[in-house]
Amino acid sequence: MPLEQLPPPPTRQQSNSVLGVPARSSAMSAGHRRTINMSLPGNEQHTNPEHAHLLANKWLGANKLAELVRLQGLVYKKGKFSAIEEEQLRAAIEKYQSEKGLTEVQILETIFSKTDKSKDTAFWSELTSAVPLRPIIAVYHHVRRSYHPMKQQGPWKSYEDDALKQAVADLGQQWEKVSYRVGRMASDCRDRYRNHIVNSDIRITGHWSAEEEEKLTRIVTDMTIKQGKDIDNDVFWGKVSELMGGTRGRQQCRIKWTDALSKTVKNEGRKPRWSPQDAFILVHKVDSLNVRDDTEIDWKLIPDQDWNLWSAHTLQRRWLTLKKGVKGYEDMTHQEIMDILRIKKADLPPPPTSVTRKKKERKVTSAAAVTDSPETRMGSDTAAVIGSSTGPGTTAGVGVGVQPDDSTDSES
DNA sequence: AACGCAGGTAAGGGTAATATTCATTG
DNA sequence: TCAATGAATATTACCCTTACCTGCGT
């Protein structure tokens, strides 16, 4: 998509996508300003220069990467780009721009050029070197999205939906062409279409009925447990939505499952409730990660064998509320917030005395002891791929004892 | 002619931010 | 009883990875 062909920026409301203003993501500039201390040590570095070169120069696909991981112990990073990485990329782009004496328009042309090999193939390699553990393809996709002139336009208007419907009717699912007509990024058109346009006539919103919940539970367990698959990782949500008759979309199904139904299933049919113990455990787990910034946390790594009721998603939100409970958190570093929370949550609250509660009593997980003992949980076979978080060896290593505290469970 | 590779588009899979509703507590 | 607070639930824009394809150089 040559730049000059891009449709003009939308005329609506805000102007955060003015061409030539590559912009920090609005998520960052709005709400929470993050303090990033770039002088902190601990930037991931490759111990193997050969691997670093591979990642930054070869366009390795998934298979090839997996093979290198297996055969050569390649280490690379997946998952969301942290605020620190974004800053590193921004700086690298700026550096490239000033070294080559490029204008804003020219740098965008470089980013969006189509097979313009005469320009500079080294561009992407240079950027990738700024984020050492990332494969070049990941950097390529990330930068192209985050510098796209049509990025982040907020909620869809009904006329945009209409335009989208019409465009898909005319062109089929050729998202680049559709994008040009609608004025939204191709991927956003695709998302809007699959998540909201398809089956919009039969889509249900609002609270789930017991029948729906049962049906979803059945579909998910049929698809996973009954096939010997992993209930947390082997669910195809597009398929699930389809099996629900299209009345619930894939996102609805997924969120409903991971945030609500799955923990009930894991808790032997009873709904667990977030407790002060859980908050305590969470704080100490996050603390033990020793990350520079909470955007570096891979929430999937937080749960362990004895403390696994809460989805990564839930934990992340719980963390946010804990963080917001710290006065002035907006202007504090992760370390400063951590220092306060560590003190605030220094003592393990007493286990819930279940007599006082009604029937909903947590089971299974409560903390008996929490120790900060960083351990290397990643087995050698999985160590190769680092989730979007910790440096090697700093996995959440809090030992949380299981205490079946339910002796007084007053189910009635 | 066959092959490997860069790199573009689409499909598959997932999360973040926020609003609303519901429960608990002082 | 009521208001404040925190937890649960729902919504949807936005993001990352993988699959698949094409054109090109060797």
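The model shown is predicted, which means the values in this text are computed figures rather than measured ones. Naming convention: chains lettered A, B, ... in sequence-line order (proteins, then strands); numbering from 1 in each chain.
Using a 4.0 Å cut-off between charged side-chain N and carboxylate O, A:Arg90 and A:Glu86 make no salt bridge. Salt-bridge annotation for A:Glu212 and A:Lys215: absent, with no side-chain N of the basic residue lying under 4.0 Å from a carboxylate O of the acidic one. Salt bridge annotation for A:Arg192-A:Glu160: absent, with no cationic side-chain nitrogen under 4.0 angstrom from a carboxylate oxygen. A salt bridge does not link A:Lys256 with A:Asp259: none of the charged nitrogens is closer than 4.0 Å to a carboxylate oxygen.
Side-chain atoms of A:Arg144 and base atoms of B:dG7 include no donor and acceptor less than 3.5 Å apart. No hydrogens or angles were tested; on distance alone, nothing pairs the side chain of A:Arg250 with the base of B:dG12 as donor and acceptor under 3.5 Å.
Between A:Lys64 and B:dG4, a side-chain N or O to OP1/OP2 separation shorter than 4.0 Å is absent. Side-chain nitrogen and oxygen atoms of A:Trp124 include none within less than 4.0 Å of the OP1 or OP2 phosphate oxygen of B:dA6. Taking only side-chain nitrogens and oxygens, A:Gln252 comes nearer than 4.0 Å to OP1 or OP2 of C:dT11. A sub-4.0 Å separation between OP1 or OP2 of C:dA10 and a side-chain N or O of A:Thr205 is absent. Residue A:Lys256 has a polar side-chain atom (N or O) positioned under 4.0 Å from OP1 or OP2 of C:dA10. Applying the 4.0 Å criterion to OP1 and OP2 of C:dC16, one finds that A:His142 has a side-chain N or O inside that range. For the OP1/OP2 pair of B:dG12 and a distance below 4.0 Å, the side-chain nitrogens and oxygens of A:Trp237 include no atom meeting the criterion. The side chain of A:Trp59 places an N or O atom within less than 4.0 Å of a non-bridging phosphate oxygen (OP1 or OP2) of B:dG7.
Relative to the side chain of A:His196, the nucleotides B:dG13, C:dT18, C:dT12 differ in distance, and C:dT12 lies closest. Of the candidate nucleotides C:dC14, C:dA19, B:dA11, C:dA19 has the atom nearest to the side chain of A:Asn63. For A:Arg192, whose side chain is taken as the heavy atoms from C-beta onward, the closest listed nucleotide among C:dT18, C:dA10, C:dT12 is C:dT12.
Rounded to whole angstrom, the span from the CZ atom of A:Arg134 across to the P atom of C:dC15 amounts to 14 Å. In this structure, the CZ atom of A:Arg194 is 7 Å from the C1' atom of B:dG13, given to the nearest Å. Rounding to whole angstrom units, CD of residue A:Glu176 and P of C:dC20 are separated by 19 Å. If you measure from atom CZ of A:Arg145 to atom C1' of C:dC16, you get 9 Å, rounded to the nearest angstrom. In this entry the distance linking CD1 of A:Ile255 with C1' of C:dC14 reads 13 Å, nearest Å. At whole-Å resolution of the value, NE2 in A:His207 and P in B:dT21 are 9 Å apart. The separation between A:Arg254 atom CZ and B:dG12 atom P is 16 Å, rounded to whole Å. Spacing between atom CZ of A:Arg190 and atom P of B:dG13 amounts to 11 Å, rounded to whole angstrom units.
Of the residues in residues 162-174 of chain A, those lying under 4.0 Å from DNA chain B by heavy-atom distance are A:Gln173, A:Gln174.
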Donor-acceptor pairs are to be reported for all side-chain atoms of residues 162-171 of chain A against protein atoms at under 3.5 Å, with residues two or more places apart or in another chain.
residue  : atom : partner  : partner atom : Å
A:Gln166 : NE2  : A:Asp170 : OD1          : 3.1
A:Asp170 : OD2  : A:Arg181 : NH2          : 2.7

Enumerate, atom names and distances included, each donor-acceptor pair closer than 3.5 Å involving a side-chain atom of residues 53-62 of chain A, sequence neighbours excluded.
residue : atom : partner  : partner atom : Å
A:His53 : NE2  : A:Asn57  : ND2          : 3.3
A:Asn57 : OD1  : A:Ser125 : OG           : 3.2
A:Asn57 : ND2  : A:His53  : O            : 2.9

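A:Glu176 and A:Ala186 get closest at one heavy-atom pair: OE2-CB, 3.4 Å.
A:Gly238 comes within contact range of no nucleotide atom at all, as no heavy-atom separation falls under 4.0 Å.
A:Arg203 places a side-chain N or O within donor-acceptor distance of the main-chain N or O of A:Val198, the cut-off being under 3.5 Å.
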